[in-house]
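Everything on this sheet refers to the single structure shown next.
When reading the values below, keep in mind they use all heavy atoms of this one structure, side chains included, and skip hydrogens, waters and symmetry mates. Sequence lines set the chain letters: A, B, ... in the order given, protein chains first and strands last, and positions in each chain run from 1. Remember, it's a predicted structure, so these values are computed and weren't measured experimentally.
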Amino acid sequence: MQQTVAAAEFLAACALSRVDAVGGFARDGLLSSQEVFTQQLVTGLSNGMIIALIAIGYTMVYGIIELINFAHGDLCMLGAYFALTVVGALGVDQWAGTGGIMGLVLVLVGTAAFCGSLNWSINRLAYRPLRKASKLSLLVSAIGASFILVNLGLFWGGLPMDVFADGTSSAAPKAFPALVSAAPAAQIGDVIYSRTDLLVLCVTLPLMVALTYLVRFTKLGKAMRAVAQNPTGASLMGIDVERVIGASFFIGGSLGGFATVVYSLYNQTVSFQMGYRMGMDAFIAAVLGGIGNLPGAVLGGILIGVIRSMSDGYLEARWTNTVVFGILILILVFRPSGLLGAKLREKV
Amino acid sequence: MDELLGQTEDTDFVVTGLDGPRTRADRFVSLSFRVMIRRTASIVAALTGAAFLLAAAPVLAVQDAPNKKLKIVSSLPQTGSANAQTTSIVNGIKMAIDERGAMVDGFKIEFEAMDDASPQKGNWDGQIESANAKRAIADPAVVGYIGTYNSGAAKISMPLLNKAGLVMVSPGNTAAGLTKPGLGEPNEPAVYRPSGKVSYFRVVPADDIQGAVACEFCRNDLKAKKVFILHDRELYGKGIADVFKKTAEATGVEVVGFEGIDAKASNYRSLVTKIRAAAPDVVFFGGTTQTNGAQVLKDLRAGGAKIPFVSPDGTFEKAFIEAAGKDSVTKEQGGVYITFGGVPSEMLTGIGAKFVKSYQAKYGEIPEAYAVYGYEAGCVLLDAIDRAETKDRAAIIAAVAATKDFNGALGTWSFDENGDTSIRTMSINTIEDGAFKFVRTAGGAAKAK
């Protein structure tokens with residue numbers, strides 16, 4: 001009996017201390033340096049996992065047709081607008097309990113399908129006709145696609161919907177409703193593991209596992225690896241190269257779609273300009289890990305996330321970009337093909 | 001063609017003979033120009049002189065214009081989230097012009113609203129601001145430049161317009177260094193006045209007052225003992241954060257952090273951890289909606305920091321509340337307090353209240369906070385044009401500078417020798433139920449000068 005009371009008291013104390021620590025800074029003690037470090041690591045990992053998911057889209061396309069798909073970040077941006085539209089159309093207020101989870105899954109899958117199809121269409125319309133042209137034309141075409149997507153986003157933000165502030169200012173950043181609350185899922189000491197952190201993990205990890213399975217163990221994956229190695233050879237073996245390229249665009253795009261929903265839920269802001277930063281971070285991550293290499297993109301993404309977080313936390317925030325690019329340059333000097341990149345594959 | 005050129009070359013030799021034997025390069029001079037040279041040397045001189053006059057003193061052309069038209073332009077960021085705010089400023093200017101029936105002293109007043117933002121930035125863009133200033137300078141009919149909204153943009157157009165002798169009246173710039181010596185960089189404000197004369201005026205009180213007021217509010221009303229200061233590294237945001245820091249140090253409020261953020265970052269969670277570790281009572285953000293103020297606020301709340309968030313007038317617009325979302329701005333989450341160089345529209349009295357009423361009647365909504373400054377800038381400029389003897393740029397600068405005891409929407413005020421308004425009234429505002437709510441005034445009444 002005494003034990004039960006003690007346990008109850010302990011639980012109550014835990015609950016109270018949690019409220020205390022979260023509401024203002026009521027606790028006297030500051031965060032210990034170890035707690036600060038752990039918290040920065042959690043933030044870095046969450047940001048890094050999102051970056052990694054987007055970086056996969058870059059690296060898949062590069063691995064197969066050696067194109068740096070500059071439209072990828074902006075594709076993710078449009079995905080965020082699509083997700084916000086769906087959330088707005090479904091009505092935000094009814095999102096609770098099982099219905100909420102179902103709604104979330106619906107938004108995730110819907111956005112992934114949207115981004116995948118859009119990426120596939122961009123490939124079909126803007127890149128496929130240039131397959132025989134020089135790599136440079138392809139790159140310019142990608143930059144053009146990026147501009148078109150940015151302006152579509154600008155237009156989309158002006159739709160007369162409640163979630164777009166009735167379209168009064170199309171270019172303004174929009175608040176993405178907090179469907180997953182930022183409340184702590186767990187708290188150890190003063191380190192908060194928020195539900196959004198958990199969400200990032202729950203969405204990104206299974207996707208990465210699924211992608212690995214797809215590339216390693218399925219027929220399509222085998223075909224993708226074959227096309228990456230040698231498109232001509234692959235076509236001689238009876239592989240429909242264009243279909244495989246299309247599939248890669250679809251898969252890369254839909255991973256970007258998942259990432260952008262998680263990003264929007266994590267940051268709760270969408271803006272037509274966010275694609276640039278998303279794309280830039282992910283591109284650097286892909287290069288850092290070795291562009292064309294899938295595990296490399298994941299490693300690069302997590303590294304970039306953690307480096308950013310640590311630099312924000314321990315240096316001044318204004319040095320963060322300098323630190324990230326400094327490390328990128330150092331790694332490229334000593335390992336020109338990135339951390340996990342193949343030795344040297346001259347393809348250009 | 002060769003034959004034709006050969007022929008003219010011969011005639012040229014005979015008729016002009018001004019600068020000795022002609023070189024082959026002259027063959028490329030266009031035929032029509034050659035016809036001109038063939039007249040007399042005096043005509044050439046006259047034409048050149050006229051061209052020089054046109055370039056150097058466009059004012060003359062205005063006076064001689066038979067249709068007596070004058071033009072006022074505005075340069076404000078109308079692409080991006082500031083659009084709602086700047087559109088209402090433009091509406092304010094238009095109302096000032098319409099009130100006079102678009103006529104001043106027998107001159108017809110034309111108005112053009114220019115945009116100084118680019119879609120790439122979603123915010124003011126230095127290149128576009130510079131192009132706008134140059135376009136205004138090049139148009140001889142332009143006698144007044146209303147702008148800019150952002151202090152950083154003013155930094156670019158101020159020296160250009162000053163050199164050209166075109167008056168600039170800002171409805172929104174608050175960075176202290178733009179006009180006041182000793183408050184900004186060592187070379188400010190002289191660097192903005194290459195001609196040595198003051199040609200820039202503003203109808204809003206500057207940040208040396210606003211930053212101090214914000215700090216006083218944190219100390220007295222919020223009982224803050226420790227503050228964490230963030231800024232966006234822009235002229236405006238960093239400037240006001242500096243003033244805040246100085247005031248805090250002078251009044252015994254401990255500054256536990258002072259940091260410039262990356263305005264394009266996707267989130268500031270790491271920074272929030274740093275802030276949590278420093279455990280301040282208040283976070284002050286020197287910046288605007290466009291430099292990610294709302295994201296900083298959201299991440300503070302997401303990181304569990306339920307402490308007051310104080311920011312200056314750059315976030316005093318509906319777009320800020322929209323971007324921040326209704327949950328992070330509530331009092332339960334710590335509260336948001338915004339200082340503003342004046343009082344919000346609904347608190348205006350006299351001419352100001354009349355303006356708000358007719359604005360509502362015309363546009364069907366309560367104007368954003370800066371609309372009345374657009375109106376006031378328009379009124380004071382038109383008043384100066386009215387008073388100016390000749391309607392040239394120099395006389396209008398002098399007339400604006402001579403503005404004394406102007407009875408306008410903001411009260412009765414004057415411009416001082418730096419081009420600043422004598423008004424010093426500030427207000428503190430908060431957000432309740434998704435809308436701004438006036439808390440109290442601060443900073444003292446207008447100093448009659």
*Spell out, as yes or no, whether a donor-acceptor pair under 3.5 Å connects the side chain of A/Glu316 to the backbone of B/Glu259.*
no
_With a 3.5 Å distance limit and no angle check, can you tell me whether A/Gln273 reaches the backbone of B/Lys121 through a side-chain donor-acceptor pair?_
yes
*Given that the side chain runs from C-beta out, which part of B/Arg269 has a heavy atom under 4.5 Å from chain A: side chain, backbone, both or neither?*
both
*Answer with side chain, backbone, both or neither: which region of B/Ala265 has an atom nearer than 4.5 Å to a non-hydrogen atom of chain A?*
both
What part of [X] is in contact with chain B, defined as an atom under 4.5 angstrom from a non-hydrogen atom: side chain, backbone, both or neither?
{"X": "A/Asn151", "result": "neither"}
{"X": "A/Asn321", "result": "side chain"}
{"X": "A/Thr269", "result": "both"}
{"X": "A/Ser33", "result": "neither"}
{"X": "A/Tyr266", "result": "both"}
{"X": "A/Leu315", "result": "backbone"}

Under a 4.5 Å cutoff for heavy-atom pairs, which residue among [options] has the most contacts with chain B?
{"options": "A/Val36, A/Ile50, A/Asn47", "result": "A/Asn47"}
{"options": "A/Gly44, A/Ser311, A/Ala175, A/Gly157", "result": "A/Ala175"}
{"options": "A/Ser309, A/Ser32, A/Ser271, A/Ser46", "result": "A/Ser309"}

*Might you work through the side chain to side chain contact (heavy atoms under 4.5 Å, CB included) test for A/Gln39 and B/Arg276, ending with a clear yes or no?*
CA-CA 10 Å; A/Gln39 187 74 71; B/Arg276 278 177 63 208; 3.0 Å; yes
*Inter-chain contacts: residues 290-302 of chain B against chain A, heavy atoms under 4.5 Å*: B/Gln295, B/Lys298, B/Ala302
*asked:* Any heavy-atom pair between the side chains of B/Asn267 and A/Gln268 that's under 4.5 Å?
replied: no
Distance from [X] atom [atom1] to [Y] atom [atom2], nearest 0.5 Å?
{"X": "B/Thr273", "Y": "A/Asp312", "atom1": "OG1", "atom2": "CG", "result": "9.5 Å"}
{"X": "A/Thr43", "Y": "B/Tyr268", "atom1": "OG1", "atom2": "OH", "result": "14.5 Å"}
{"X": "A/Met280", "Y": "B/Ser266", "atom1": "CE", "atom2": "OG", "result": "13.5 Å"}

*Name the option with the most non-hydrogen atom pairs under 4.5 Å to chain A; the candidates are B/Gly260, B/Gly257, B/Gly325.*
B/Gly260
Might you confirm whether atom [atom1] of [X] has over 12 heavy atoms from other residues, nucleotides or ligands at distances under 6.0 Å?
{"X": "A/Phe37", "atom1": "CZ", "result": "no"}
{"X": "A/Tyr193", "atom1": "OH", "result": "yes"}
{"X": "A/Tyr314", "atom1": "OH", "result": "yes"}

_Closer than 4.0 angstrom, basic N to acidic O: yes or no for B/Asp232 and A/Arg318?_
no
*asked:* Minimum heavy-atom separation for A/Ala317 and B/Leu271, please, with both atom names.
replied: CB-CD1, 4.2 Å
_With side chain to side chain contact (heavy atoms under 4.5 Å, CB included) as the criterion, how do B/Asp262 and A/Arg277 come out once you've worked through the C-alpha distance, each side chain's angles and the decisive distance to 0.1 Å?_
CA-CA 11 Å; B/Asp262 170 7; A/Arg277 191 31 97 65; 3.0 Å; yes
_For residues 302-336 of chain B, which residue pairs pass the ring pair (Phe, Tyr, Trp, His ring centres under 6.0 Å) check, not counting sequence neighbours?_
B/Phe316-B/Phe340, B/Phe316-B/Phe436
